[in-house]
Amino acid sequence: MSQPRRARAKALAVASEIYPLVKTGGLADVVGALPGALAREGVETRTLVPGYPAVMDKLEDAEPVHAYRALYGGPARLVAGRVGALDLIALDAPHLYSRPGNPYIGPDGADWPDNAIRFAALARAGADVALGVLKGWRPDLVHAHDWQAALLPAFLRYQDAARPATVVTVHNLAFQGQFPRDMLGALGLPPESFAIDGVEYYGAIGFLKAGLQLADAITTVSPSYALEIQSPEAGMGLDGLLRARAAALHGILNGVDTDVWNPKADPHIAAAYAAPNARAKQKNRAALRARLRLDDDPQALVLGVVSRLSWQKGLDLLLECLPTLFEENIQLALLGAGDADLEAAFRAAASSHPGRIGLFLGYDEQLAHLVQAGCDALLVPSRFEPCGLTQLCALRYGAVPVVARVGGLADTIVDANEMALAAGVATGLQFAAGSAARLAHALRRAAALHRDAPTWKALQANGMATDVSWDAPARHYADLYRALIRANASNRRVA
Ligand code: ADP
Ligand code: GLC
């Protein structure tokens, strides 16, 4: 029997990053991959992004579709266009976005001083599109990602026109977008919005708080993180609000773009492979060792890391475990960038242990692929992790993930305990988050499992057989979108 036809839905996504144009982390990966997966579920997505130079330069078939004489202090336009299969709307506002490099941080390493205005403008433009400012296209639902877009439901709330359904996704509760209350007028928010059930947050204006308060639904990027953030320990000041909105809060795991992350056809690796393949692994490991100047020691386990270097990611714990690495003949291949202190500490460790610690401190998309293909195990020792993508890439590349048991890491990796090994379902190793002693223990376990070649191969095979695609997550999002669109339409009929 054929499936009943579902009505096509139109969604506007709003975000401050999108792969392959602008990326500082997994947010960009998600925003870049979800539209393609949603299209297969009958959801048509257009994505509104700031018109940074990296966006404006790449936009194909660019066509101005709306003009603002003044938007927060300067002329601006909405420009529709495409990049590959992505259907984009760029907010071309040179006074806000015509700045190269990192989307949030200026050349002095500090946040741009006008970030509140820059991202209020993004949300404002999103609200305008939501209310039908584009000729011939009006979304049924708006999906705002992270604090940079989260003021959008506030702009829709304090006006009278019928509005589409709204979803806000929390990719990381650590970034909330909090600004002084005296900016209310400058942000274009009405006085009545400064209330406990509006944008007010501990006496200031909270962008993410506003979104969490006012969106029809909240999603976050794993079921475990959805639970964790309702507790004071992980709620970062927003747990009370999240508990109050628990019925509207959904945890939907991320996937990875299996065309971008595909060991069968990856231009950035030394040898392609489709299943655990010792020869291909060896070639990729050799290429990685050569790139990071690691010794050619056939017995050593290569432990990969691809990460921002920040407190969240727990890599300071790894620095405490260096003696264990050397005892267990584990080599470290680390690709990371971030906190100056951590970078300096890893640089010092590498220069004391040449050939055993290989580093690239910086951002390198291609090297990220070679690390995944060339390492034996991939470490993600986060203190908290909303979802995490690198462990999913690792599964796909036959690198065995060693992860902290937290957030999306806990939800995506099956620990190689006796029962899971016996049942043939183990894919990696988990350890209690935030503890160097537990991490050291996990590294010893990983080294022992690695010496047991058939067991290690089974872990790799189970990992490579795991579905890390966007198919299942996109189905969840599409079902949620449709439920929200229906509820919004019936609310409108009642009102
Ligand atoms: P987060 O978004 O918290 O940084 P995720 O695991 O969700 O963590 O996403 C990180 C993304 O950024 C992955 O696609 C990963 O490959 C990539 N990445 C992280 N650090 C680097 C780096 N130094 N160079 C290249 N890619 C990186
Ligand atoms: C955030 C989180 C990360 C998540 C990513 C994409 O950056 O830190 O865990 O995978 O967003 O949702």
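First listed ligand is number 1; within each ligand, the first listed atom is number 1. Keep in mind the model is a prediction, meaning the values are calculated, not measured. Atom set for the values below is all heavy atoms of this structure, side chains included, hydrogens, waters and symmetry mates excluded.
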Query raised in the report: Nearest to atom 15 (C) of ligand 1, what protein heavy atom do you find, and at what distance?
Result: Thr390 CG2, 3.7 Å

Query raised in the report: Is the Lys NZ or Arg CZ of Arg124 less than 6.0 Å from the centre of Phe155's six-membered ring, within 45° of the axis?
Result: yes

Query - Subset of ligand 1 atoms that lie under 4.0 Å from at least one heavy atom of Gly336 - result: 23 (N)

Query raised in the report: Is Val30 touching ligand 2 with its side chain, its backbone, both, or neither, if touching means heavy atoms under 4.0 Å apart?
Result: side chain

**Report entry** Element-labelled atoms of ligand 2 that are located less than 4.0 Å from some non-hydrogen atom of Pro386
**Finding:** 2 (C), 8 (O), 9 (O)

Report summary line: Here the gap from Leu392 atom CG to Cys387 atom SG, rounded to the nearest 0.5 Å, amounts to 5.5 Å

Report task. May I ask you to establish whether Arg356 and Phe326 are in a cation-pi arrangement, using a distance under 6.0 Å from NZ or CZ to the six-membered ring centre and at most 45° from the ring axis? Result -> no

Query raised in the report: Can you tell if the side chain of Thr390 reaches within under 4.5 Å of the side chain of Gln372, non-hydrogen atoms only?
Result: yes

**Report entry** atom 12 (O) of ligand 2: the protein heavy-atom neighbour that sits closest, reported with distance to 0.1 Å
**Finding:** His171 ND1, 2.6 Å

Requested in this report: To the nearest 0.5 Å, tell me how far Ser382 OG sits from Trp311 CH2.
Outcome: 10.5 Å

Report summary line: For Gln312, the ligand 2 atoms with a heavy-atom partner under 4.0 Å come out as 8 (O)

**Report entry** Contact atoms of ligand 2, heavy-atom distance to Gly388 under 4.0 Å
**Finding:** 3 (C), 4 (C), 9 (O), 10 (O)

Query raised in the report: Can you list the ligand 2 atoms lying under 4.0 Å from a non-hydrogen atom of Asn172?
Result: 8 (O)

Query raised in the report: Which atoms of ligand 1 sit under 4.0 Å from any heavy atom of Arg308?
Result: 1 (P), 3 (O), 4 (O), 20 (N)

Query raised in the report: Rounded to the nearest 0.5 Å, how far does CG of Leu173 lie from OH of Tyr225?
Result: 4.5 Å

Requested in this report: Note the single closest protein heavy atom to atom 22 (C) of ligand 1, along with its residue, its atom name and the distance in Å.
Outcome: Tyr363 CD1, 3.5 Å

Query raised in the report: Just distances here: any N/O of Ala368 and N/O of ligand 1 closer than 3.5 Å?
Result: no

Query raised in the report: Are any of the N or O atoms of Gly26 closer than 3.5 Å to those of ligand 1?
Result: yes

Query raised in the report: Cys387 to ligand 2: N or O pair under 3.5 Å?
Result: yes

Requested in this report: Give the intermediate values and the outcome of side-chain contact (heavy atoms from CB on, under 4.5 Å) for residues Glu41 and Trp470.
Outcome: CA-CA 11 Å; Glu41 296 297 321; Trp470 273 102; over 6 Å; no

Query raised in the report: Looking at atom 18 (N) of ligand 1, what's its closest protein heavy atom, distance included?
Result: Val306 CG1, 3.8 Å

Query - Nearest neighbour of atom 14 (O) of ligand 1 from the list Asp29, Leu409, Leu389, on a heavy-atom basis - result: Asp29

Query raised in the report: Are Arg475 and Asp471 close enough for a salt bridge, meaning some N to O gap below 4.0 Å?
Result: no

Query raised in the report: Can you find a heavy atom in the side chain of Val168 that is under 4.5 Å from one in the side chain of Leu212?
Result: yes

Query raised in the report: Hey, is ligand 1 close enough to Trp261 that some N/O pair sits below 3.5 Å?
Result: no

Query raised in the report: What about Gly362: any of its N or O atoms under 3.5 Å from an N or O on ligand 1?
Result: yes

Query raised in the report: Between Phe119 and Trp112, is the gap from one ring center to the other below 6.0 Å?
Result: no

Requested in this report: Could you tell me whether some N/O pair between Asn254 and ligand 2 is separated by less than 3.5 angstrom?
Outcome: yes

Query raised in the report: Do Lys23 and ligand 1 have an N or O pair less than 3.5 Å apart?
Result: yes

Query raised in the report: Judged by atom type as modelled, is there a donor-acceptor pair below 3.5 Å linking the side chain of Thr466 to the main-chain atoms of Asn462?
Result: yes

Report summary line: For Val221, the atoms of ligand 2 under 4.0 Å from one of its heavy atoms are 12 (O)

Query raised in the report: Could a heavy atom of Lys313 be found less than 4.0 Å from some atom of ligand 1?
Result: yes

Requested in this report: Using a 4.0 Å heavy-atom threshold (strictly under), name the region of Asp364 that reaches ligand 1: side chain, backbone, both or neither.
Outcome: backbone

Query - Under-4.0 Å salt bridge between Arg383 and Asp316 - result: yes

Requested in this report: May I ask whether Pro386 places a heavy atom under 4.0 Å from ligand 1?
Outcome: no

Report task. Return yes when Ser307 approaches ligand 1 closer than 4.0 angstrom through a heavy atom, no otherwise. Result -> yes

Query raised in the report: Quick one: which ligand 2 atoms are inside 4.0 Å of a heavy atom on Glu385?
Result: 2 (C), 3 (C), 8 (O), 9 (O)

Query raised in the report: How long is the span from the NE2 atom in His145 to the CD1 atom in Ile18, to the nearest 0.5 Å?
Result: 8.5 Å

Query raised in the report: Above 12 or not: heavy atoms from other molecules or residues under 6.0 Å from NZ of Lys23?
Result: yes

Requested in this report: Measure the spacing between OG of Ser16 and CZ of Arg118 and express it to the nearest 0.5 Å.
Outcome: 9.5 Å

**Report entry** Sub-3.5 Å N/O-N/O distance, Glu365 and ligand 1
**Finding:** no

